[in-house]
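The block underneath contains the structure these notes are about, expressed in structure tokens.
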Amino acid sequence: MGTAIATSKSIQSEEIFQLQQELIEKDKLLAQKDEELQSYLHMLSHELKTPIVTMQGYTSLLEDMFGDLLPEDGKKFLKGISNNVERLETLVKDLLTLSGIAIQHSEFTVVDINDLVDDIIIDLYGAYQFKKQPFTVQENMPKVFGHRDFLRHVYTNLLVNSIKYSNENVPLKIEIGCSFDEIFPKFFVKDNGVGIPSSARKRIFNMFARAGNKKNVSGTGIGLVIVQKIIEAHDGEIWFDSKKGEGTVFNFTLPVQKEQTSSF
Ligand SMILES: Nc1ncnc2c1ncn2[C@@H]1O[C@H](COP(=O)(O)OP(=O)(O)OP(=O)(O)O)[C@@H](O)[C@H]1O
Ligand SMILES: [Mg+2]
């Protein structure tokens, strides 16, 4: 009797072991397929760049050299082509970034978030020429161990979203900071924009997902996918809270140096 139980136990553990091995193998296969897909996406978006640049060149030549000869309708059609070529360029650029986010941990350095954000804000001022200073940046945010260029992408995407999806009726306010209420420091970008409707909340981090919460704002719906991928490549998490008409706050965690967190 005792030996029968022992044998059935050892059969069970053998089965569990075999299932575990199968799972490990399937996991490896999936990771390999994912890598293949990434590299196809990368190649494809790279290949698309040349014809797009050529199209841009010809449309602008057409506009410059023969634009005046075209009737009004013709000018409109040409503008339609050039706008869409531009959209295609943005889309391909985003796809290229997305497929290139195989972050090398060897490229991680200590990143001063205050320094990074100040730098981005200068660029945004150049691009948007705000009438009133919309940014409030918390001083002395903790330094992060990460990939500076990719973290630049994170902040730029979030800040550009806050600007794009702003509330027309109130002056734009964007708060950038880090709170220490929880175990991990929580970085945030908070705005007083149009907010994200609850119907769109589940899909906002999906590819090409747009909430349609503000009219006439262009975009491809890839920005947040890129942001999430970068945060996850830093072993962090990203989530948001939003109230329609009142604003949105994007929160995320990043690896900060231990000595800094313990002092808070
Ligand atoms: N701060 C925000 N306030 C309100 N809505 C937002 C905010 N950030 C994102 N959204 C909503 O989430 C959608 C997805 O954002 P995401 O940045 O991925 O794409 P996008 O801005 O539409 O295009 P792009 O790929 O050019 O960034 C947006 O279309 C918008 O509807
Ligand atoms: Mg965006």
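In what follows, residues are counted from 1 in the order of the sequence shown. These numbers come from a predicted model, not from an experiment. We count ligands from 1, going down the list as the structure has it; atoms in each ligand are counted the same way.
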[atom]: nearest protein contact (heavy atom, Å):
atom	answer
atom 11 (C) of ligand 1	I204 CD1, 4.0 Å
atom 22 (O) of ligand 1	R210 NE, 2.5 Å
atom 9 (C) of ligand 1	N161 ND2, 3.5 Å
atom 7 (C) of ligand 1	Y165 CD1, 3.7 Å
atom 5 (N) of ligand 1	N213 ND2, 2.9 Å
atom 26 (O) of ligand 1	T220 N, 3.3 Å
atom 15 (O) of ligand 1	L224 CD1, 3.6 Å
atom 1 (N) of ligand 1	D191 OD2, 2.9 Å

When you look at [atom1] of [X], are more than 12 heavy atoms from neighbouring residues, nucleotides or ligands closer to it than 6.0 Å?
X	atom1	value
F208	CZ	yes
R87	CZ	no
E14	CD	no

Give yes if a backbone or side-chain nitrogen or oxygen of [X] is under 3.5 Å from a nitrogen or oxygen of ligand 1, and no if not.
X	result
F250	no
I222	yes
V225	no
G223	yes
I196	no
K164	yes

When you measure from the side chain of [X] to the backbone N and O of [Y], does any donor-acceptor pair fall under 3.5 Å?
X	Y	value
Q138	C178	yes
K214	K164	yes
N192	K173	yes
S166	L172	no
N167	V170	no

Assert yes or no for the condition that the ring centre distance of [X] to [Y] is strictly below 6.0 Å.
X	Y	result
Y125	F130	yes
F145	H234	no
F252	Y155	yes

Contacting atoms of ligand 1, where contact means under 4.0 angstrom from a heavy atom of [X]:
X	answer
G221	18 (O), 19 (O), 20 (P), 22 (O), 23 (O), 24 (P), 25 (O)
D94	25 (O)
G219	23 (O), 26 (O)

- Task: Among D191, N213, T248, find the residue that satisfies the side-chain hydrogen bond (donor to acceptor under 3.5 Å, both in side chains) test when tested with S242.
- Result: T248

- Message: Using a cut-off of 2.8 Å, how many protein N, O or S atoms sit around the Mg ion (ligand 2)?
- Response: 1

- Item | Residues K190 and D241 bridged, charged N to O under 4.0 Å | no

- Message: Measuring only between side-chain heavy atoms, which start at C-beta, is V249 closer than 4.5 Å to F240?
- Response: no

- May I ask you to decide if the ring planes of F108 and H147 are parallel, tilted or perpendicular, using 30° and 60° as cut-offs? perpendicular

- Query: Judged by non-hydrogen atoms, does A209 sit under 4.0 Å from ligand 1?
  - Reply: yes

